[in-house]
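So that the names make sense, note that chain A is the first sequence line, chain B the second, and so on, each numbered from 1.
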Amino acid sequence: MTSSIAVDIVDVSKRFRLYHEKLTSVKERILRAGRNPFEDFWALRDVVFQVEEGETVGILGRNGSGKSTLLKCISGILQPTEGKVVVRGNLAALLELGAGFQPELSGRDNIYLNASLLGMSTKEVERRFDEIVAFAELEQFIDNQVKFYSSGMYVRLGFAVAVSVEPDVLVIDEVLAVGDENFQRKCLDRIKSFQDEGRTIVFVTHAADLVRQICDRAAVLDDGRLIGSGLPGECIRMFRELLVEADAAHEAAWPAEPGGTEGVSGEGEGPQEPRVAGFRPIQLVAVDVEHPGSGTRPYLLPGEPLSVHVAFEAIEAVPDVIFVIAVHNKNGDLVFGSDTEILECPFDAPKGAGRADFIFENVPLLDGTYDVSIGARSRSGGTVYDWREQQDRFEVMNPGRSTGIVDMRLRVEVRAASLS
Amino acid sequence: MTDVKNDRAAMSSDISTSGDDADAASEHARVMQERVARAAMRGPKVTRVVAAKIALRPRIVELWRSRELLTFLVRKEIKVKYKNSVLGFLWSMLNPALTLVVYFLVFSLVLKNGIPSFGIYLFSGLLIWNFFSTSMTSATSAVVSNGGIVKKVAFPREILALSSVGSAAVFFFFQGVVMALFMLALSHSPDWGDMWLLIPAFVAIMVFASAMAVFLSAVNVYFRDTQHLVEVLLMVWFWAVPIVYAFHTVQHGLEKLHLVWLYLVDPLAPVILTFQRVLYNIPVYTEKGTTTTVQLLPAHGVIWYATCDIAVLVASIGLLMGALVVFGRLEGNFAEEL
């Protein structure tokens, strides 16, 4: 590969001092000198990671895992305590849309100010001004003071300015979940065209679907450490597993109240030691995909039935288990999702092996390979017992010549309008 | 069931070397190569390092790159300051004008200091003083009051302090215009031949103000007392420079103690004296009704004034470098402290 490194994160650690009481005046500092109570908190620990030029990388992690801190270190808002980040090319950070807006100034003035904060030259802003205004859909209001804008207008303007910067490296923190659906689609389109133009994108999100959709690679952070990186699907699985483990640890640390439906309530081992971290009362053992042509051909035809057989093992009796199924296409779009709660099929799992069969009476899909994800969770959704992310798949082969994704059953009549 | 097993072998991702995956991988590699090629078309890229300690030189380079941002911030500061006030921009004139009137009434009518054309004398000094004191007060709180941006946007933060100095400089020029009109009305002629002296003098004071601004804005993030301290300090400073009184009144006392140099080490003093020398342009006058001549301004040639200003400039450049180093050390924790 001829590619080079766009963002090189070298042994980055970041320490925060958590003061129990913030002392900001000289008097307080002198009076409390030497016994200024604080705790060290390492938000990032020895993170080594490289992002190649043109790559889109999603960073996954639980709340407080250090994702945002890492982004701030990359964008230069925070300086790492140890290590360094080397960024090749112009960088723009979208940490909060419209962060630099001055409410007293007009939209027009704010575009200039904000674009220049993000490192854009005046000439460039002038050249792209109309485009920015059109993207933000604010043609009528551009000379109004920003303080009179609705929050939607505010955010749209912020995004429009930020993406017009055309940076070599774009850093995004959870800001894509704004605006109405139309605007979100526009944002995604813009991101995709950024990718096509070979710009590097690093972004943080909780939305695993988004990572699957647009990322080339992903990384998972936990407790300030990088615990894995690789293909999006693998990382999402790792991230889900992390959530499952965290849940199990949480359950172990804080046993559910008596009568609760949570699985590990029997494990009351004292609140301090989450020793059974990773304990899963329900484990998915195997998933098989079956269709009428199984054994003779590896694909199914549009409209054929499909069964997904899930074998699971209950380590102990678990009341009210919900099994979840999701089908994604190759672009990561969710094609279908459902669960036994929606299908009104309650199930109390006794100890021992069991199986769940999802039977699709017909699969109205055209060509493509589809990933199947299976999960088991509690009814409230608070506890995920187990999750198999995209480990199984099926393929549909269309013998007909219609194109698209869905096999929409079509009947056609063409005739001339009768004159009489 | 065996059928299903066989089928699964073909369909599940356990077999990672299936033809489909290999195709996908090579497709991905091709897409990436195309992207990289397009990225390369955009020309060479600058490399930036984020670390706990960044050397002075790259910081200055970064500052220079953001010079356009500086003009926008200055413009913003001026626009925002007088937005929604009825008299708007006039306040920037009215405020110093009223100060001028008050000092004029006190020192020429009540205390009778005998300086001829005292209004012009006063204005020459106040011009510089207003520039310096407004830069100081607004720069000290520049980083703190812009906390919202500092926490969310990456840019050289020194710009915030410099923009305070910049907007003070804009007001300085407007006041300069008012002063010119004032002199025209009183048909007071400045020293046209030595007008150029104002340039090194103003550049010197601007660099000095920038050095102070950068230092104070960073320190104020950690010690919020700084802004109050600066106010007090400015009050004392005002009386330590010849604005409302003449240089000669302190000169004799200082000469006896051999401390004239100490008075002139204050970077503001030579600059103010230069402005008075050029704009006020009455170095020597004869007291009314007597034959006693009074040496109002230092009895030196233009070269002496120029040398003093250049000395201030050189020292200020050194101070500015030092201030940038201090700022760099303190900057790392700004986002956390705000």
Using 30° and 60° as the class boundaries, would you call the ring planes of A:Phe394 and A:Tyr370 parallel, tilted or perpendicular?
parallel
Using 4.0 Å as the upper bound for N to carboxylate O, is an ion pair formed by B:Glu62 and B:Arg65?
yes
Less than 3.5 Å apart, any donor N or O on the side chain of A:Ser307 or A:Asp357 sitting next to an acceptor on the other?
no
Taking atom types as modelled and ignoring hydrogens, do the side chains of B:Glu68 and A:Ser121 form a donor-acceptor contact shorter than 3.5 angstrom?
no
Option that, when pairs with chain B are counted at under 4.5 Å, heavy atom only, ranks first among A:Ala115, A:Ser75, A:Ala93:
A:Ser75
Please report the interatomic distance CE(B:Met321) to CD1(B:Ile60), rounded to the nearest 0.5 Å.
4.0 Å
Shorter than 4.5 Å, heavy atoms on both sides: which option in B:Leu229, B:Thr226, B:Val80 has the most such pairs with chain A?
B:Val80
Tell me which of these, A:Lys14, A:Lys72, A:Glu82, has more heavy-atom pairs under 4.5 Å with chain B than the rest.
A:Lys14
Greatest number of heavy atom pairs closer than 4.5 Å to chain B - which of A:Asp216, A:Asn90, A:Leu105
A:Asp216
Based on non-hydrogen pairs under 4.5 Å, which of A:Ile74, A:Thr200, A:Val12, A:Leu78 is most in contact with chain B?
A:Leu78
Go through the atoms of B:Ile159 and report whether side chain, backbone, both or neither lie under 4.5 Å from a heavy atom of chain A.
neither
So which residue, A:Leu91, A:Val86, A:Val87, ends up with the most heavy-atom pairs under 4.5 Å with chain B?
A:Val87
Heavy-atom cut-off 4.5 Å, strictly under: side chain, backbone, both or neither for A:Glu197 against chain B?
both
B:Lys76 NZ/CZ over B:Phe72 ring centroid, <6.0 Å and within 45° of normal
no
Which answer fits A:Thr122, side chain, backbone, both or neither, if we ask what part of it has an atom under 4.5 Å from a heavy atom of chain B?
both
For B:Phe132 and B:Trp237, take the angle between the two ring planes, folded into 0 to 90°, and tell me which bin it lands in: parallel under 30, tilted 30 to 60, perpendicular over 60.
perpendicular
